[in-house]
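Computation of the quantities below employed the complete heavy-atom set of this structure, encompassing side-chain atoms and omitting hydrogens, waters and symmetry-equivalent molecules. Chain identifiers are assigned alphabetically (A, B, ...) following the order of the sequence lines, protein sequences preceding nucleic acid strands; residue numbering begins at 1 within each chain.
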Amino acid sequence: MQSFLSSRPTTEIAAALLGKQLRLQTASGPLTAWITETEAYLGANDAGAHAYQNHQTARNRVLWQPAGTIYIYQMRALYLLNLVTQVAGTPECVLIRGIEPASGVEQMQHNRPVPLANLTNGPGKLMQALGLDKTLNGQPLQKATLSLDLDHVRQPRQIIKSPRIGIVNKAEWTSAPLRFYVAGNPFVSKIGRKTIDSHTHGWQ
DNA sequence: AAAGTGATTGTCT
DNA sequence: GACAATCACTTTC
C-alpha cells in the first residue's frame, strides 16, 4: 500500500486510486466504498496546495510524513480526507472527493440522512457519511481504522481529467488538469444527470 | 441547469 | 480580521 502511494508521480496515483476500495472499521461493522473522484496536490510548487512553498503550519504538517499518512483538515463545518503520497519530506497528497458505497450503506445514510444520490458525491459529504472527524489525522493507513483495500477493486471504463474544484486565483494551477473521476459514475461532485450511466456507473 | 448567496468555524497573519 | 481544497438553498434563465 505504501508503495502504491509512492512508486510513481502523484498525478498517476490520483488516477490509479479510482476504483480502489476504502474501508472503515466501525463499532457497527465495516463501511466500504469505491473511490470515484480524486484530486492531486503537488506540494511545494503547487500554488493551490496547502504545502505551497514548503510553508509548514500546525494544520498541514502531516503532509511531510511518508506515503500512506492520513491528512484530514477542516473546511468550514466539514472535514476533508487526503492520502499523503511520496517519501517523507515531499508534501504531496491526493484529495478523496467522491466514493460509491459498497457495504454499510444503511449506516452511512444514518450518519448523513439524505437521498442516496446526494450521500457521498463530495469531499465533505463522504466524510459525514463515514462519520469521521479529524481524529485520524496523522495516522498511517496501515494502523488506522481506515484503510485502502487494493484487492477489492473495480475498473473504470474511462477516466476524465479536469481542473480542480474550488482553486481560484492560482494562475496556471487553477486550470491544471489535476482532478480525476470515473466517467458516468453518479457519486462524483458537480456532474450533470445527463452524463450518468445508471446501468454500469462507469465501471467495466 | 447554472449562477449566486449565506452559513459556518477553525486557522493563520 | 480575512479567508478557505464546501454545502444547501434561492434565484434566474
Inset, instruction - With the side chain of A77(A) defined as its heavy atoms from C-beta on, choose the nearest nucleotide among dA4(C), dC7(C), dT9(B). - result: dT9(B)
Legend entry - Closest to side chain of R193(A), choosing from dT9(B), dA1(B), dT6(C):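 Out of dT9(B), dA1(B), dT6(C), the nucleotide with an atom closest to R193(A)'s side chain is dA1(B).
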Nearest-Å distance, [atom1] ([X]) to [atom2] ([N])?
{"X": "I96(A)", "N": "dA5(C)", "atom1": "CD1", "atom2": "P", "result": "17 Å"}
{"X": "Q74(A)", "N": "dT8(B)", "atom1": "CD", "atom2": "C1'", "result": "9 Å"}
{"X": "Y52(A)", "N": "dA5(C)", "atom1": "OH", "atom2": "P", "result": "14 Å"}
{"X": "L78(A)", "N": "dT9(B)", "atom1": "CG", "atom2": "P", "result": "9 Å"}
{"X": "H50(A)", "N": "dG10(B)", "atom1": "NE2", "atom2": "C1'", "result": "12 Å"}
{"X": "Y79(A)", "N": "dC7(C)", "atom1": "OH", "atom2": "P", "result": "15 Å"}
{"X": "Y73(A)", "N": "dA5(C)", "atom1": "OH", "atom2": "P", "result": "5 Å"}
{"X": "N137(A)", "N": "dG10(B)", "atom1": "CG", "atom2": "C1'", "result": "13 Å"}

Legend entry - Proximity of H50(A) and Y73(A) rings by center, below 6.0 Å: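 Yes, close enough.
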Any side-chain N or O of [X] less than 4.0 Å from the OP1 or OP2 oxygen of [N]?
{"X": "H55(A)", "N": "dT13(B)", "result": "yes"}
{"X": "R97(A)", "N": "dT6(C)", "result": "yes"}
{"X": "T57(A)", "N": "dT11(B)", "result": "no"}
{"X": "K134(A)", "N": "dT11(B)", "result": "yes"}
{"X": "R59(A)", "N": "dT13(B)", "result": "no"}

Regarding [X] and [Y], do their side chains bring together a donor and an acceptor under 3.5 Å, going by distance alone?
{"X": "N60(A)", "Y": "Q56(A)", "answer": "no"}
{"X": "N45(A)", "Y": "W173(A)", "answer": "no"}
{"X": "T120(A)", "Y": "E100(A)", "answer": "no"}
{"X": "T32(A)", "Y": "R23(A)", "answer": "no"}

Inset, instruction - Give a yes or no on whether a donor-acceptor pair under 3.5 Å exists between the nucleobase atoms of dA5(C), that is its base, and the side chain of R164(A). - result: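 Under the 3.5 Å cut-off, the side chain and the base do not form any donor-acceptor pair.
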Inset, instruction - Evaluate the criterion side chain to side chain contact (heavy atoms under 4.5 Å, CB included) for residue pair T26(A) and L24(A); output intermediate values, then yes/no. - result: CA-CA 6 Å; T26(A) 76; L24(A) 178 70; 3.8 Å; yes
Using a heavy-atom cut-off of 4.0 Å across all strands, would you classify [X] as base, sugar-phosphate, or nothing?
{"X": "E39(A)", "result": "nothing"}
{"X": "R112(A)", "result": "sugar-phosphate"}
{"X": "G192(A)", "result": "nothing"}

Inset, instruction - Would you check if W34(A) and F187(A) make a side-chain contact, meaning some heavy-atom pair closer than 4.5 Å? - result: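 In short, these two side chains do not touch, never coming nearer than 4.5 Å.
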Inset, instruction - May I ask you to test the L78(A)-Q128(A) pair for a side-chain heavy-atom distance under 4.5 Å? - result: yes
Legend entry - Strand DNA chain B as a dot-bracket string - pairs counted if Watson-Crick or G-U with both distances under 3.5 Å, | where the partner lies in another strand: |||||||.||||.
Inset, instruction - Please figure out whether K170(A) or G124(A) has its closest DNA chain C nucleotide nearer the 5' end. - result: K170(A)
Inset, instruction - On DNA chain C, check which nucleotide each of N82(A) and N118(A) is closest to and give me the residue with the more 5' one. - result: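 Checking each residue's closest nucleotide, the 5'-ward one belongs to N82(A).
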Legend entry - Aromatic-base stack, Y41(A) on dA5(C), cutoff 5.5 Å, angle under 30: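 Stacked: ring centres under 5.5 Å, planes under 30°.
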